[in-house]
Amino acid sequence: MSKLVIVGTVAFDAIETPFGKTDKILGGAGTYIGLAASNFNIDSSVVSIIGGDFPQEYLNLMTDRNIDVSGIEIVKDGKTFFWSGKYHNDMNSRDTLATELNVLEHFNPVVPEDYRDAEVVMLGNLHPAVQMSVLNQMNKKPKLAILDTMNFWMDCALEDLHNTIKHIDVITINDDEARQLTGEYSLVVAARKIHEMGPKYVVIKKGEHGALLFHDDNVFYAPALPLEEVFDPTGAGDTFAGGFAGFLARTNDFSFENMKKAVIYGSTLASFCVEKFGTERMLNLKADEVKKRLKQFQQLTQFDIELT
């Protein structure tokens, strides 16, 4: 079993969907990634920054799941990063109502000494220069460095993003971001171009249409589990990344065949995340529920056919 370092926001969200709305609740990429990865009973640490307004009970929720929080800097006279958004009826598009960087504006992550030898590093969606600073703090090159990013950084920090991408093994982005990063509409061609930028593995998330995994000439497709209702999509991509990274850290096997299993685990956990507002579903998730849903995935994708 490997150690896992997770870098990402620990934040407040306020969400509105066709199913209702919330006041400030627990959110942030680092939070979702950490909660998802905690399902694998691994030694993980979240590196982030929060203000003095962040409740201790939220930190306790993480430590109760064996997530190390010593890398979360607390600025006592500062305010925690806050995001508010409203989802449209299709639940795929949304409007950002508010983004308050607060303490995140001056975030300089510090990886705890005990985790600078971690085999797996999960770089959540942050400025690529901040992501690179984490890799530079590691005692040696991790066995697996995974990066998540978004179109915002492609718009305003493309050079830094290209520099960081050179140093990572896996990139996880959605289909629109893959097209923007490469200028290619075909996801197969886009993945090939991203390979040339540095990553050995490219994971392209397609929301309710599943995820694609590319490695050299190999391609694997994992469908998303059909759900009756999507209550709140916030954090689904980060939950996918946490499940993906957590499974790989637990198994310490970074082959293409095992990556395929990691994609399935990520998709499975993401399917739970969207069932409730914010982190609520992930905080109450039981191991037997995960096993049951994995069997559903298996039934969804397995078939026998006679080739004539």
Between [X] and [Y], which heavy-atom pair has the shortest distance, and what is it?
{"X": "Ala37", "Y": "Ile6", "result": "CB-CD1, 4.4 Å"}
{"X": "Gly51", "Y": "Val103", "result": "N-CG2, 4.0 Å"}
{"X": "Asn39", "Y": "Met282", "result": "ND2-CE, 4.3 Å"}
{"X": "Phe82", "Y": "Asp13", "result": "CE1-C, 4.1 Å"}
{"X": "Ala11", "Y": "Thr31", "result": "N-OG1, 4.3 Å"}
{"X": "His209", "Y": "Tyr221", "result": "O-OH, 2.6 Å"}

Drop me the distance from [X]'s [atom1] to [Y]'s [atom2], to the nearest 0.5 angstrom.
{"X": "Leu161", "Y": "Asp155", "atom1": "CG", "atom2": "CG", "result": "11.0 Å"}
{"X": "Ile204", "Y": "Asp176", "atom1": "CD1", "atom2": "CG", "result": "11.0 Å"}
{"X": "Leu59", "Y": "Asp64", "atom1": "CG", "atom2": "CG", "result": "10.5 Å"}
{"X": "Asn139", "Y": "Gln137", "atom1": "CG", "atom2": "CD", "result": "10.0 Å"}
{"X": "Lys143", "Y": "Lys141", "atom1": "NZ", "atom2": "NZ", "result": "12.0 Å"}
{"X": "Cys156", "Y": "Asn151", "atom1": "SG", "atom2": "CG", "result": "10.0 Å"}

Any link between [X] and [Y] through a network of hydrophobic side chains (Ile, Leu, Val, Met, Phe, Trp, Tyr) touching at under 4.5 Å?
{"X": "Leu97", "Y": "Phe12", "result": "no"}
{"X": "Tyr32", "Y": "Val274", "result": "no"}
{"X": "Trp83", "Y": "Val75", "result": "yes"}
{"X": "Val110", "Y": "Val7", "result": "no"}

Show me the pairs that pass salt bridge (charged side-chain N to carboxylate O under 4.0 Å, His left out) and involve residues 239-268, at least two apart or across chains. Glu257-Lys260
Summary of salt bridge (charged side-chain N to carboxylate O under 4.0 Å, His left out) pairs that have at least one residue in residues 93-112, sequence neighbours excluded: none
Measure from the side-chain N and O atoms of [X] to the backbone N and O of [Y], and report whether any donor-acceptor pair falls under 3.5 Å.
{"X": "Ser271", "Y": "Leu225", "answer": "no"}
{"X": "Arg179", "Y": "Ala190", "answer": "no"}
{"X": "Thr17", "Y": "Phe231", "answer": "yes"}
{"X": "Ser48", "Y": "Val10", "answer": "yes"}
{"X": "Asn102", "Y": "Thr80", "answer": "yes"}
{"X": "Ser84", "Y": "Ala14", "answer": "yes"}
{"X": "Arg65", "Y": "Leu283", "answer": "yes"}

[Y] and [X] aromatic ring geometry - parallel, tilted or perpendicular at 30°/60° bounds:
{"X": "Phe244", "Y": "Phe240", "result": "parallel"}
{"X": "His195", "Y": "His215", "result": "perpendicular"}
{"X": "Phe40", "Y": "Tyr265", "result": "perpendicular"}

Using the side chain to side chain contact (heavy atoms under 4.5 Å, CB included) rule, take Met259 and Val263 through it: C-alpha gap first, then chi angles, then the decisive distance, then the call. CA-CA 6 Å; Met259 289 271 176; Val263 169; 5.6 Å; no
Within residues 230-247 or reaching into it, pairs that qualify as side-chain hydrogen bond (donor to acceptor under 3.5 Å, both in side chains) - sequence neighbours excluded: Tyr87-Thr234, Asp232-Thr234
With clusters built from Ile, Leu, Val, Met, Phe, Trp and Tyr whose side-chain heavy atoms come within less than 4.5 Å, directly or transitively, what are the remaining members of the cluster of Val189, listed by chain and number? none
Please go through Trp153's hydrophobic cluster and name the other residues, only I, L, V, M, F, W, Y counting, with side-chain heavy atoms under 4.5 Å joining them. Met150, Phe152
Run through Val134, Ile72, Leu126, Leu123 and flag the one making a side-chain contact (heavy atoms from CB on, under 4.5 Å) with Pro109. Val134
Should [X] and [Y] count as side-chain neighbours, where that means a heavy-atom distance under 4.5 Å?
{"X": "Asp43", "Y": "Asn66", "value": "no"}
{"X": "Ile49", "Y": "Leu104", "value": "yes"}
{"X": "Pro128", "Y": "Asn163", "value": "no"}
{"X": "Asp114", "Y": "Asp68", "value": "no"}
{"X": "Glu159", "Y": "His162", "value": "no"}
{"X": "Leu285", "Y": "Leu35", "value": "no"}
{"X": "Phe247", "Y": "Asn258", "value": "yes"}
{"X": "Ile171", "Y": "Ile194", "value": "yes"}

Using the test side chain to side chain donor-acceptor pair (under 3.5 Å), find all partners of [X] that sit at least two apart in sequence or belong to another chain.
{"X": "Arg192", "value": "none"}
{"X": "Glu119", "value": "none"}
{"X": "Glu73", "value": "none"}
{"X": "Glu228", "value": "none"}

Would you tabulate the side-chain donor-acceptor contacts of residues 21-29 under 3.5 Å, counting partners in other chains and residues two or more places apart, or write 'none'?
from, atom 1, to, atom 2, distance (Å)
Thr22, OG1, Ile15, N, 3.1

Among residues at least two apart in sequence or on other chains, which ones pass salt bridge (Lys or Arg N to Asp or Glu O under 4.0 Å) with Glu289? Arg281
For Lys3, salt bridge (Lys or Arg N to Asp or Glu O under 4.0 Å) partners two or more places apart: Asp117
Closer than 4.0 angstrom, basic N to acidic O: yes or no for Lys200 and Asp169? yes
State whether the number of non-hydrogen atoms from other residues, nucleotides or ligands found under 6.0 Å of Asn136 atom CG is greater than 12. yes
Test side chain to side chain contact (heavy atoms under 4.5 Å, CB included) on Phe256 and Asp216; report intermediate values, then the result. CA-CA 10 Å; Phe256 180 71; Asp216 293 334; over 6 Å; no
Check the pair Thr149, Thr164 against side chain to side chain contact (heavy atoms under 4.5 Å, CB included), reporting the backbone distance first and the verdict last. CA-CA 11 Å; Thr149 191; Thr164 304; over 6 Å; no
Any chance the side chains of Glu280 and Asn284 put a donor and an acceptor closer than 3.5 Å? no
Checking Ile264 against Gln298 for the side chain to side chain contact (heavy atoms under 4.5 Å, CB included) test, could you report, in this order, the C-alpha distance in whole Å, the side-chain angles of both residues, the deciding distance, and whether it holds? CA-CA 9 Å; Ile264 293 294; Gln298 194 173 35; over 6 Å; no
